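What follows is a set of notes on a single structure, which appears directly below.
Everything numeric here is computed off the predicted structure, so don't read it as measured data.
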Amino acid sequence: MKIGVLALQGAFREHEKSLKSCGAETCQIRLPEHLEDIDALVIPGGESTTMIRLLLEYGLLDKIKERAEKGMPIFGTCAGMVLLSKKVEDSDQITLKLMDTVVKRNAFGRQVNSFEADLDIEMFDTPYRGVFIRAPYIVSVGQGVEVLAKYQDKIVMVKQGNFLASAFHPELTEDNRIHKYFLSMI
Ligand code: GLN
């Protein structure tokens, strides 16, 4: 299995490391042609406004949408979750509009830049340590969206068909259960 990791900006190397330790082959995606022979895509954390600008500049936005609509699995973390959503609350920020979710950026407040919390995730028997960094959360979801985890009543992990998104950073922990779960979606 070959997993592309969007490598325009942000925490892409950490995702490659986690995916490799689950036995997957990875490659870095910077140009539209890089998408051709991958089985799935990871959109990492970083700065969603910068990433969207670069996606448009490199002609990647339409290409990713095209492959996604034909069934390619995508996992978005943090800024990646923002990019997968159909809308950013109180903003007209451009997104991929692949998931029926509305997100709020930097949603846990300025004072709380980052924190860790144990999360109960739907498909796991034991808690998962979530690392949140200037994290978004999901304000509302449409009918086809499965909520997989909440933190203090806020939705922080969702799945919809071939798309998976988390507000936290599983690539920054040694616990590879989420990456393994994503690979099982392919
Ligand atoms: N706050 C960032 C954004 O909305 C996301 C932060 C992150 O990916 N760690 O783009």
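- For CG of Asp92, the number of neighbouring non-hydrogen atoms (other residues, nucleotides, ligands) closer than 6.0 Å is 12 at most.
- Considering only heavy atoms from C-beta on, Pro136 stays 4.5 Å or farther from Asn106 through its side chain.
- Of all heavy-atom pairs spanning Lys159 and Leu148, the tightest one is CB-CD1, 3.9 Å.
- When all heavy atoms are compared, the tightest approach of Lys104 to Val139 is CB-CG2, 3.6 Å.
- A donor-acceptor contact shorter than 3.5 Å is absent between the side chain of Lys150 and the backbone of Val156.
- Looking at Glu89 and Val103, their side chains never come closer than 4.5 Å, going by heavy atoms from C-beta outward.
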From CA spacing to verdict: side-chain hydrogen bond (donor to acceptor under 3.5 Å, both in side chains), Ser85, Arg105: CA-CA 11 Å; Ser85 68; Arg105 291 181 61 208; over 6 Å; no
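- Remark: side-chain polar atoms of Gln9 are paired, donor with acceptor, to backbone N or O of Glu47 under 3.5 angstrom.
- With a 4.5 Å cut-off on side-chain heavy atoms, Met185 and Phe163 do not count as touching.
- For the pair Met81 and Ala165, the tightest heavy-atom approach, listed with the atom from each and the gap, is CG-CB, 3.6 Å.
- Atom CD of Glu174 sits in a sparse spot, with 12 or fewer heavy atoms from other residues, nucleotides or ligands closer than 6.0 Å.
- Between the CG atom in Leu35 and the CG atom in Leu60 there is a gap of 5.5 Å [rounded to 0.5 Å].
- At least one donor-acceptor pair under 3.5 Å links the side chain of Arg30 to the backbone N or O of Ala7.
- Ile74 and Tyr181 fall into different hydrophobic clusters, where Ile, Leu, Val, Met, Phe, Trp and Tyr side chains are chained together by heavy-atom contacts under 4.5 Å.
- Panel note: side chain Lys87, backbone Ser91; a donor-acceptor pair is recorded below 3.5 Å.
- Using a 3.5 Å distance cut-off with no hydrogens or angles, the side chains of Ser48 and Arg53 do not pair a donor with an acceptor.
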Test log, rule side-chain contact (heavy atoms from CB on, under 4.5 Å), inputs Ile38 and Cys27: CA-CA 8 Å; Ile38 58 169; Cys27 66; 3.6 Å; yes
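- Counting only heavy atoms from C-beta outward, the side chains of Phe168 and Met157 approach each other to under 4.5 Å.
- Between the side chains of Ser21 and His179, no donor-acceptor pair of N or O atoms lies under 3.5 Å.
- Surrounding OH of Tyr58 are at most 12 heavy atoms belonging to other residues, nucleotides or ligands under 6.0 Å away.
- Side-chain N or O atoms of His15 include none that pairs as donor or acceptor with a backbone N or O of Phe12 at under 3.5 Å.
- Atoms CG and OG1, on Leu84 and Thr95 in that order, are 8.5 Å from each other to the nearest 0.5 Å.
- Contact of the Ile138 side chain with the Val158 side chain is registered, since non-hydrogen atoms from C-beta on lie closer than 4.5 Å.
- Looking only at side-chain heavy atoms (C-beta outward), Leu41 and Val5 stay at 4.5 Å or farther from each other.
- To the nearest 0.5 angstrom, Thr77 atom OG1 is 10.0 Å from Ile178 atom CD1.
- The closest donor-acceptor contact from the side chain of Asn162 to the backbone of Gly71 lies under 3.5 Å.
- With rounding to the nearest 0.5 angstrom, the CG atom of Leu61 is 11.5 Å from the CG atom of Leu54.
- Tyr151 pairs with exactly one of Leu119, Asp120, Asp118 by the side chain to side chain contact (heavy atoms under 4.5 Å, CB included) rule, that one being Leu119.
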Residue pair Arg177, Ile121: steps toward the side-chain contact (heavy atoms from CB on, under 4.5 Å) verdict: CA-CA 10 Å; Arg177 282 181 290 170; Ile121 296 180; over 6 Å; no
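- For Lys180 against Cys22, the heavy-atom pair with the smallest separation is CG-SG, 3.7 Å.
- Side chain to side chain, Gln28 and Glu16 meet the donor-acceptor criterion of an N or O pair below 3.5 Å.
- Gln93 and Thr49 form no side-chain donor-acceptor contact under 3.5 Å, judged by distance and modelled atom types alone.
- With contacts defined as side-chain heavy-atom distances shorter than 4.5 Å, the pair Ile186/Ile3 qualifies.
- Using a 4.5 Å cut-off between side-chain heavy atoms of Ile, Leu, Val, Met, Phe, Trp and Tyr, with links allowed through other members, Ile133 and Tyr128 fall into different hydrophobic clusters.
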Trace of the side-chain contact (heavy atoms from CB on, under 4.5 Å) decision for Val145 with Thr101: CA-CA 8 Å; Val145 181; Thr101 51; 4.1 Å; yes
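- Clustering ILVMFWY residues whenever any of their side-chain heavy atoms sit less than 4.5 angstrom apart, transitively, puts Leu83 in a cluster other than the one holding Val42.
- Contact detail for Ser18 and Pro170: the closest heavy-atom pair is OG-O, 4.5 Å.
- Side chain of Gln160 to main chain of Asp100: a donor-acceptor pair is present (N/O by atom type, distance under 3.5 Å, no hydrogens or angles).
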Working for salt bridge (Lys or Arg N to Asp or Glu O under 4.0 Å), residues Arg129 and Asp175: CA-CA 8 Å; Arg129 191 84 182 151; Asp175 188 341; over 6 Å; no
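- Both Ile155 and Val88 sit in one connected hydrophobic cluster of ILVMFWY residues. Membership requires side-chain heavy atoms under 4.5 Å apart, directly or through other members.
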Working for side-chain contact (heavy atoms from CB on, under 4.5 Å), residues Phe115 and Val131: CA-CA 6 Å; Phe115 61 94; Val131 178; over 6 Å; no
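- Each of Leu19 and Leu6 belongs to its own hydrophobic cluster when Ile, Leu, Val, Met, Phe, Trp and Tyr are linked at side-chain heavy-atom distances under 4.5 angstrom.
- Between Lys86 and Val102, the closest side-chain pair of non-hydrogen atoms falls below 4.5 Å.
- Distance check, rounded to the nearest 0.5 Å: CD1 of Ile29 to CD1 of Ile64 gives 8.0 Å.
- Residues Gly46 and Ala79 share a closest heavy-atom pair of N-CB, 3.5 Å.
- Remark: His34 NE2 to Lys63 NZ distance equals 12.5 Å, nearest 0.5 Å.
- No more than 12 heavy atoms of other residues, nucleotides or ligands sit less than 6.0 Å from atom NZ of Lys17.
- Classified by interplanar angle (parallel below 30°, tilted 30° to 60°, perpendicular above 60°), the ring pair Phe75/Phe182 is tilted.
- Taking the six-membered ring for Trp, Tyr137 and Phe132 have ring centres at least 6.0 Å apart.
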